[in-house]
Q: 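Starting off with a structure, shown below.
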Amino acid sequence: MFFPRVFVGWRDFMNLLSEIKGRFLPALAGLSGDVAALLDMIRPAQDAKFGDFQANFAMPLAKQLGRSPRDVATEVIGRLQIADLCEVPEIAGPGFINLRVRTDVLAARLSQIAFDDRLGVATVAQPRNVVVDFSSPNVAKPMHVGHLRSTVIGDSICRTLRFAGHSVTSDNHIGDWGTQFGMIIYGYRHFRDESSWQASAVGELARLYKLVNQLSDYHASVALLPAMQQNLEDSRQKLKQLQDGPDDERKKKLLATMRKGFAAAESELQAAQEKVDRIRQSPALLAAAEAHPDIARRAREETAKLHAGDAENTALWNQFMPVCLAALQQIYTRLKIGFDLTLGESWFNPFLAGVVESLQQQGLATLSEGALCVFPEGSTAPFIVRKTDGAYTYATTDLATIRYRRDQLAAQEVLYVVDSRQSEHFQQLFATARLWGCGDMTLKHVSFGTVMGSDGRPYKTRAGDTVGLESLLDEAILRARRIVDENDDRREQPLLSAEERGRVAEIVGLGAVKYADLHHSRDSDYVFDYDKMLATTGDTATYMQYAYARVCGIFRRLQISRESLRGQAAAIELGTPEERRLALQLLMFGYAIESVLSDYRPHLLTQWLFETANAFSQFFDKCSVQNAESESLKRSRLVLCDLMARAIRTGLSLLGIEVAEVL
RNA sequence: GUCUCGGUAGCUCAAUUGGAUAGAGUGUCGGCCUCCGGAGCCGAAGGUUGUGGGUUCGAAUCCCGCCCGGGACACCA
């Protein structure tokens, strides 16, 4: 018999939900062909008033059998042997079966996992070999806010997969071979400031990149400006004509479309004009621009020379790369994020010709308008694997990478944590890979939305530049420091030295940035807002960190070390609703992780963390540890506190967020 | 034009993928420190889920039409 996914839970004896599903299996036998689907409809209750778990299968099953849902529910409950786990199941509403776990069972389960670092979460029965492709910045330019989501989400997914027992290879597929290298090579040759280069090679490279980019844009804009003005004028005319023309059904819609087109043309023109103005306002820049009229083409030529193996450009590339990588590493070190591999585009360069050859041999690639293309089913646009000029594209590199990951890394699954704007590319890539013979791998685009500013537009500085990641982190940590200072200064006896305050500020600031990102569901755009992410109230990383610090405060106050609890048995007493809720919440950790991994959604873990910290805060409010009515209750609560602290620490660690004993 | 993602409380976002009376945070108003950290806890108000139809026991979720917004659509990656 084939066992579907739910039965993985057999090993996972601490997982309440799996165990409950296991009890329903015999009770449902013979009622439906697809028992797994029915078991899948047993879930945590969506409201505590309905109990702890609810089974929703009676309605669809009744339909299948042509009976009434409550009747079916009654029959299933009649067959169900669950008295040792749950109280008597109740049927509610149209036919929901509500389950409440016996409190003594919760207590017993909690005792068993009390000192388990994994909180009783078993590793998966069938580990997969997963490559996670994330972050992937261009090395020649500084990392900016756009790289934040991929980096933070990707890291969290890696950590969670590893925790679950999968074999994970994180790979930073950096852009180290593209046109931007031609630009810095050109810049280095013509605009290098030797003293700046000596002082800070990265800084100088960033400046050169920006300069060459600006000058290229200038010439492109100057060339395009007349056409753009004409275009704007044309659409102004057309708009006017239409407005004056006869009313009919299509007019309104057409008008809206044209207004949109007009607005787009207008802002396009404005952007181009700004690029031109910026150069013209500076005599030095203007002189540079005029001295290098065909800078864009010549930068492209430098790239082409590099790709062709030109000795001088290769030497420059070799000189630049360590500098660029060190700059990236500095950010990753601050973020406390690491990679198993950093195999960039350049690394796959030697394989590209072979990839194209293989595609041709299999008859997958055809020439179209001079470019060699694959036309995967369901897509009209070509997937270009070799350009007219003979150069390969990132499509080619991505295919080479897939093959490498399958053949050399034995990957069963590859996750691409990349901006949703590239979803069409990945659709084509995956379709092509399947045709090409990589159909045995699971390829998944874990897409995410844009980081927006409070104005609802992509997050930029007031001057309109993208925000550098470095300065963003600085700002968050600075703000966190102010909060930490203020808080500690308020105490009669400050607890933190200046050095400790700095360390805490870093934990709080970084946590705020990461949590803010992760707690949104990844496909939606999210608004970046320092004030919200570092708010001292509400659903932020600090809330969890604060809860953690409060637990530590209890132990400090009572002068008991958390480790000292571990020696003896942990008898748990759950006499109050607050203790019970916290216990149940702690036992749901495994479920939260499963939910995250079912579709790579870290926000489901932030949700669990918030609920857990909230359950603790209620407990903290109502259930005094130091004034517990008995020694055994006090000990029980201490164990609960210790467990909760480790739950928060472990959960946050899967998001890449740290905790501090004192905030 | 084609494709794609979205529109949910004043604001920022959820809703375990079709389940019960759509939930959190924030903001507003009102309670709670002789007691372990008040960065906390409790309560109230706040909704025609863009809109009109359809599918069924049941829809924010699936299908169709329309209205708004973001994004992608041939040689940048």
Side-chain angles (χ1 to χ4, degrees), chain A residues 41 43-47 49-50 54 56 59-60 62-63 68-69 92-96 98 136 138 175 177-180 253 256-257 260 300 345 368-373 378-389 391 393-395 397-398 419-425 427 447 449-450 452 454 456-458 483 487 491 495 508 516 519-521 523-527 529 532 535-540 542-543 545-547 549-558 591-592 594-595 598-599 601 603-604 607 610-611 614 617-618 620-628 637 641 662-663:
Chain A
M41 300 179 79
R43 295 173 189 166
Q46 75 163 54
D47 191 315
K49 72 184 169 214
F50 299 135
Q54 63 182 60
N56 300 337
M59 286 79 77
K63 179 108 184 160
S68 94
F96 295 100
N98 290 337
S136 313
N138 276 318
W177 199 243
T179 45
Q180 75 279 10
K253 193 174 170 183
T257 312
K260 237 164 81 177
R300 274 199 302 276
E345 292 164 343
S368 168
E369 296 177 29
L372 191 67
C373 309
S379 105
T380 48
F383 193 55
I384 299 176
V385 295
R386 195 183 63 207
K387 300 192 288 182
T388 309
D389 65 5
T393 68
Y394 76 138
T397 315
D398 280 351
D419 198 311
S420 62
R421 277 175 296 198
Q422 293 195 36
S423 59
E424 273 92 350
H425 166 72
Q427 271 171 27
S447 67
T450 311
M452 311 292 264
S454 47
R457 321 243 339 135
I483 294 167
N487 182 57
R491 295 196 247 253
L495 292 167
V508 170
H519 105 280
H520 291 84
S521 84
D523 6 48
S524 56
D525 297 343
Y526 94 95
V527 177
D529 184 339
K532 282 208 166 101
T536 53
T537 60
D539 184 2
T540 60
T542 354
Y543 182 78
Q545 290 166 329
Y546 178 65
R550 286 170 108 188
V551 175
C552 296
I554 293 175
F555 284 94
R556 204 165 42 242
R557 169 92 177 199
L558 302 181
Y591 180 76
E594 250 177 62
S595 308
S598 70
D599 198 29
R601 299 191 172 277
H603 83 278
L604 296 174
Q607 210 168 296
F610 180 70
E611 283 162 9
N614 183 243
S617 291
Q618 290 173 3
F620 184 88
D621 210 52
K622 289 273 167 30
C623 309
S624 174
V625 176
Q626 71 178 7
N627 298 329
R637 288 180 174 170
C641 283
V662 179
L663 289 189

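Throughout, a chain's letter reflects where its sequence line sits, starting with A, and its residues are numbered from 1.
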Q: Given that both distances must come in under 3.5 Å, which nucleotide forms a Watson-Crick or G-U wobble pair with rG30(B)?
A: rC42(B)

Q: Look at the side chain of Glu424(A) and decide which nucleotide, out of rA20(B), rC73(B), rG71(B), has an atom nearest to it.
A: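 When the side chain of Glu424(A) is considered, rG71(B) is the closest of rA20(B), rC73(B), rG71(B).
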
Q: On RNA chain B, compare the nucleotides closest to Gln626(A) and Arg457(A); which residue's is nearer the 5' end?
A: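 The residue whose closest nucleotide sits nearer the 5' end is Gln626(A).
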
Q: At 4.0 Å (heavy atoms only), tell me whether Val551(A) reaches a base, stays on the sugar-phosphate, or touches nothing.
A: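 Answer is nothing: Val551(A) stays at 4.0 Å or more from every strand.
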
Q: Between rU61(B) and rG52(B), how many Å separate the two P atoms, rounded to a whole number?
A: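 About 13 Å, rounded to a whole number of Å.
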
Q: Between atom CG of Leu372(A) and atom OG1 of Thr393(A), what is the distance when rounded to the nearest 0.5 Å?
A: 10.0 Å

Q: Let's test your reading of the model: under 3.5 Å, does the base of rU17(B) pair with the side chain of Arg43(A) as donor and acceptor?
A: no

Q: Paired with rC35(B): which nucleotide, if any, by Watson-Crick or G-U wobble criteria at under 3.5 Å for both distances?
A: none

Q: Syn versus anti for rU17(B), judged by chi lying within 90° of 0?
A: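 You should classify rU17(B) as syn.
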
Q: Quickly work out the Gln422(A) CD to rC5(B) C1' distance and round it to whole Å.
A: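 Computing the Gln422(A):CD to rC5(B):C1' distance gives 15 Å.
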
Q: Can Tyr546(A) be said to stack with the base of rG37(B), given centres closer than 5.5 angstrom and planes under 30 degrees apart?
A: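 One would not call Tyr546(A) stacked on the rG37(B) base.
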
Q: For the side chain of Thr540(A) and the base of rA39(B), is some donor closer than 3.5 Å to an acceptor across the two?
A: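 No, no donor-acceptor pair under 3.5 Å.
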
Q: Under a 3.5 Å cut-off for both contacts, is rG65(B) paired Watson-Crick or G-U wobble with anything, and if yes, with which nucleotide?
A: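 Pair assignment: rG65(B) / rU51(B).
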
Q: When both hydrogen-bonding distances must be under 3.5 Å and the geometry is Watson-Crick or G-U wobble, what is rC73(B) paired with, if anything?
A: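 Partner of rC73(B): rG1(B).
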
Q: If you check the His603(A) side chain, which of rA74(B), rG40(B), rA15(B) turns out closest?
A: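 The answer is rA15(B), which lies nearest to the side chain.
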
Q: If you measure from the C1' atom in rU55(B) to the same atom in rC64(B), how many Å do you get, rounded?
A: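 Each nucleotide's C1' atom is 11 Å from the other's.
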
Q: How many Å lie between OH on Tyr543(A) and P on rG37(B), as a whole number?
A: 16 Å

Q: Is any side-chain N or O of Asp419(A) under 3.5 Å from a base N or O of rA72(B), one able to act as donor and the other as acceptor?
A: no

Q: Within the 4.0 Å heavy-atom criterion, would you say Arg491(A) contacts the bases, only the backbone, or no part of the nucleic acid?
A: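 It contacts base atoms.
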
Q: Given atom CZ of Phe96(A) and atom P of rU21(B), what is their separation to the nearest angstrom?
A: 8 Å

Q: With a non-hydrogen cut-off below 4.0 angstrom, is Gln46(A) in contact with a base, only sugar-phosphate, or nothing?
A: base

Q: When you measure from the side chain of Asn487(A) to the backbone of Leu663(A), do you find a donor-acceptor pair of N or O atoms at a distance under 3.5 Å?
A: yes

Q: Counting heavy atoms from C-beta on, name the nucleotide in rA74(B), rC13(B), rG27(B) closest to the side chain of Thr537(A).
A: rG27(B)

Q: When the nearest nucleotide of RNA chain B is assigned to Thr542(A) and to Ser420(A) on a heavy-atom basis, which residue is associated with the more 5' position?
A: Thr542(A)

Q: Closest to the Val625(A) side chain: rA39(B), rC36(B), rG38(B)?
A: rC36(B)

Q: Nearest to the Asp599(A) side chain among rG19(B), rU17(B), rG37(B), which nucleotide is it?
A: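 Among the listed nucleotides, the one closest to the side chain of Asp599(A) is rU17(B).
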
Q: Can you check the distance between rG30(B) and rA72(B), where both ends of the measurement are the P atom (answer in whole Å)?
A: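 To the nearest whole Å, 48 Å.
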
Q: For atom P, what is the distance between rC42(B) and rC3(B), given to the nearest Å?
A: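 Taking atom P in both rC42(B) and rC3(B), they lie 48 Å apart.
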
Q: Partner of rG25(B) by Watson-Crick or G-U wobble geometry, both contacts under 3.5 Å, or none?
A: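 The answer is rC11(B), by the H-bond criterion.
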
Q: At 4.0 Å (heavy atoms only), tell me whether Ala62(A) reaches a base, stays on the sugar-phosphate, or touches nothing.
A: nothing

Q: What nucleic acid atoms does Thr388(A) come within less than 4.0 Å of, heavy atoms only: base, sugar-phosphate, or nothing?
A: base

Q: Between rU51(B) and rA60(B), how far apart are the P atoms? Round to whole Å, please.
A: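 Comparing P positions in rA60(B) and rU51(B) gives a spacing of 12 Å.
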
Q: Write down the partner of rA60(B) under the Watson-Crick or G-U wobble criteria, each distance required to be under 3.5 Å.
A: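 None - no nucleotide pairs with rA60(B), as no candidate has both distances under 3.5 Å.
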
Q: From rC35(B), rC41(B), rC13(B), pick the nucleotide closest to the side chain of Asn614(A)?
A: rC41(B)

Q: Determine the Euclidean distance between corresponding P atoms of rG43(B) and rG25(B); express it in Å to zero decimal places.
A: 10 Å

Q: Between His425(A) and Tyr394(A), is the ring centre distance below 6.0 Å?
A: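 Yes: the rings meet the under 6.0 Å criterion.
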
Q: Tell me which nucleotide among rA24(B), rA74(B), rU12(B) gets nearest to the side chain of Phe610(A).
A: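 Of the options given, the side chain of Phe610(A) lies nearest rA24(B).
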
Q: Answer with base, sugar-phosphate or nothing: what part of the nucleic acid does Cys373(A) contact at a heavy-atom distance below 4.0 Å?
A: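 Cys373(A): base contact, heavy atoms under 4.0 Å.
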
Q: For Met59(A) and rG58(B), what is the distance between atoms CE and P respectively, to the nearest whole Å?
A: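 From Met59(A) CE to rG58(B) P: 12 Å.
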
Q: Please step through side chain to side chain contact (heavy atoms under 4.5 Å, CB included) for the pair Ile554(A) and Phe620(A), ending with a clear verdict.
A: CA-CA 10 Å; Ile554(A) 293 175; Phe620(A) 184 88; 3.7 Å; yes

Q: Which listed nucleotide (rC36(B), rA20(B), rC13(B)) is nearest to the side chain of Tyr526(A)?
A: rC13(B)

Q: With P as the reference atom in both, quote the distance from rC13(B) to rG70(B) in angstrom, rounded to an integer.
A: 16 Å

Q: How many whole angstroms separate atom CZ of Phe620(A) from atom C1' of rC36(B)?
A: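 Distance, rounded to whole Å: 5 Å.
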
Q: Establish whether the base of rU16(B) is bridged to the side chain of Tyr591(A) by a donor-acceptor pair shorter than 3.5 Å.
A: yes

Q: What nucleic acid atoms does Leu558(A) come within less than 4.0 Å of, heavy atoms only: base, sugar-phosphate, or nothing?
A: nothing

Q: From CG of Asn487(A) over to P of rA39(B), roughly how many Å is that when rounded to an integer?
A: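 In whole Å, rA39(B) P lies 7 Å from Asn487(A) CG.
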
Q: I want to verify a distance call: between rU16(B), rA20(B), rG37(B), whose nearest atom is closest to the Pro44(A) side chain?
A: rU16(B)

Q: So if I take every side-chain heavy atom of Ser368(A) and compare against rG19(B), rU12(B), rA74(B), which nucleotide ends up nearest?
A: rA74(B)

Q: Mind checking Pro60(A) for me? I need base, sugar-phosphate or nothing, with any heavy atom below 4.0 Å counting as a touch.
A: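 The answer is base, as Pro60(A) lies within the cut-off (heavy atoms under 4.0 Å) of a base atom.
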
Q: Return the value, rounded to whole Å, for the distance between atom CE of Met41(A) and atom P of rU16(B).
A: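 So the CE-P distance, Met41(A) to rU16(B), works out to 13 Å.
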
Q: Take atom CG of Asp525(A) and atom C1' of rG70(B), then tell me their distance rounded to the nearest Å.
A: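 It works out to 6 Å between those atoms.
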
Q: Taking the same atom, C1', in rC63(B) and in rA20(B), what whole-Å distance lies between them?
A: 25 Å

